[in-house]
Amino acid sequence: MCGRFVFAFSKDELENISGTKRWLNAEKYHTSYNVAPSAYVPIVRTFTPEQQVKEQVEELKVKEEPQEQDEKVANKPFDAKRVLHVMKWGLQPFWSRSVSNTAKTCVNARSETLLEKNMFRVPLKAGGRGVLIVNGFYEWKKDAEEKRKNPYFISVENGPLYMAVVYDLSKEKSSKEGQFTIITVDASPCVAWLHDRMPALLEPNQLDVWLDTKKFSLEEALTLLRPLEGNLKVQQASRRVNSVRNDGAELISYKRTREETDRSTSQSSIENFFSSSSRNKCTKGNDMKE
DNA sequence: CCAGACGTTGTT
DNA sequence: GTCTGG
DNA sequence: CCAGACGTTGTT
DNA sequence: GTCTGG
């Protein structure tokens with residue numbers, strides 16, 4: 001599953017990765033090494049013609065920017081119709097806006113049931129396919145005594161992770177705020193020992209199919225939602241991640257205590273697991289010492 | 001027809 | 001809004 | 001996802 | 001136990 005992640009890209013970095021310099025709701029942009037549900041983060045999405053009408057005011061703002069933008073965007077593999085739209089993590093049912101909420105907001109959506117569930121199918125049919133670009137995400141596993149929840153940070157060695165999301169703008173009407181939920185799939189072998197589910201991660205060359213809702217059908221796009229086949233790096237993270245009040249780059253790495261460092265001459269059960277079952281497919285993060 | 005639910009995760 | 005159950 | 005709160009009355 | 005807030 002995915003209930004916490006790291007988003008630490010500067011606006012420049014994100015613009016380079018996503019291939020657009022167009023923003024919506026940019027004033028809510030912020031970075032965090034401990035992003036929790038209900039936080040605002042940028043989602044890459046495509047303008048649909050209807051949305052363009054709605055968002056004309058924003059369009060004008062964009063055009064005031066230097067022209068070199070158009071040139072740069074044109075050089076990217078994808079078109080200039082993308083936008084970095086800062087939205088709230090957590091999808092409220094589109095039918096109950098400020099009514100007595102029986103249905104709760106959802107931070108995850110199972111890929112297998114996207115079409116069965118109204119809550120996700122309706123926004124998807126409206127073209128609500130987006131991508132969340134992150135540095136990595138966290139998963140928790142209870143320790144042997146089932147007492148503590150230990151966090152792990154999952155990432156790839158070079159480059160960001162691209163999570164497939166469903167977004168919904170129906171609540172916003174004239175406003176520019178949206179909401180999104182992260183799609184989940186079965187866990188890749190690399191992380192299956194941690195959790196049975198994880199976010200649906202896209203390869204860079206799949207982004208265009210997922211994002212271009214005009215060119216590529218929903219049916220076609222859904223075939224992309226499979227466990228990632230590439231290498232994922234898993235490293236133990238600081239338990240300070242558990243509290244959403246904590247933030248900082250140091251959260252993604254675990255610092256051993258002196259006793260643990262001394263004891264580490266004998267392999268831990270996790271290291272045993274890595275050396276036996278998942279061997280060459282996974283990357284083990286180096287634990288940092290004090 | 002109307003009434004009522006509508007989600008995922010993890011844990012038991 | 002839309003589907004399910006009765 | 002985890003952490004932390006979880007209530008009403010009456011008084012200031 | 002369950003809901004809310006972050």
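Order of the sequence lines sets the chain letters (A, B, ...), proteins ahead of strands, with each chain counted from 1.
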| task | Pick out which of A/Met1, A/Met163, A/Glu139 makes a side-chain contact (heavy atoms from CB on, under 4.5 Å) with A/Met198. | result | A/Glu139

| message | Looking only at the aromatic ring of each residue, does the gap between the centers of A/Trp23 and A/Tyr29 stay below 6.0 angstrom? | response | yes

| query | Hey, are A/Lys255 and A/Glu250 close enough for a salt bridge, meaning a charged N less than 4.0 Å from a carboxylate O? | reply | no

| Ring-ring centroid check A/Tyr152 A/Trp193, cutoff 6.0 Å | yes

| task | Check each residue of residues 131-139 of chain A for a non-hydrogen atom within less than 4.0 Å of any atom in DNA chain E, then write out the ones that pass by number, or none. | result | none

| request: Consider the side chain of A/Lys104, meaning its heavy atoms from C-beta on, and name the nucleotide among B/dT8, D/dC1, E/dT4 that approaches it most closely. | output: E/dT4

| query | What is the distance from CZ of A/Phe120 to C1' of B/dC6, rounded to the nearest Å? | reply | 10 Å

| request: Please evaluate the base of E/dG5 for a donor-acceptor partner in the side chain of A/Ser38 within a cut-off of under 3.5 Å? | output: no

| Is any side-chain heavy atom of A/Lys88 less than 4.5 Å from a side-chain heavy atom of A/Ser38? | yes

| message | Less than 4.0 angstrom from a charged side-chain N to a carboxylate O is my criterion; do A/Glu112 and A/Arg197 meet it? | response | yes

| request: Taking atom P in both B/dT11 and D/dA3, compute the distance separating them and give it to the nearest angstrom. | output: 13 Å

| task | Convert the base pairs of DNA chain D into dot-bracket notation, remembering that pairs crossing earlier ones are written with [ ] and that bases paired across to another strand are shown as |; include only Watson-Crick or G-U pairs under 3.5 Å. | result | ||||||......

| query | A/Trp95 on top of B/dC6's base, within under 5.5 Å and under 30°? | reply | yes

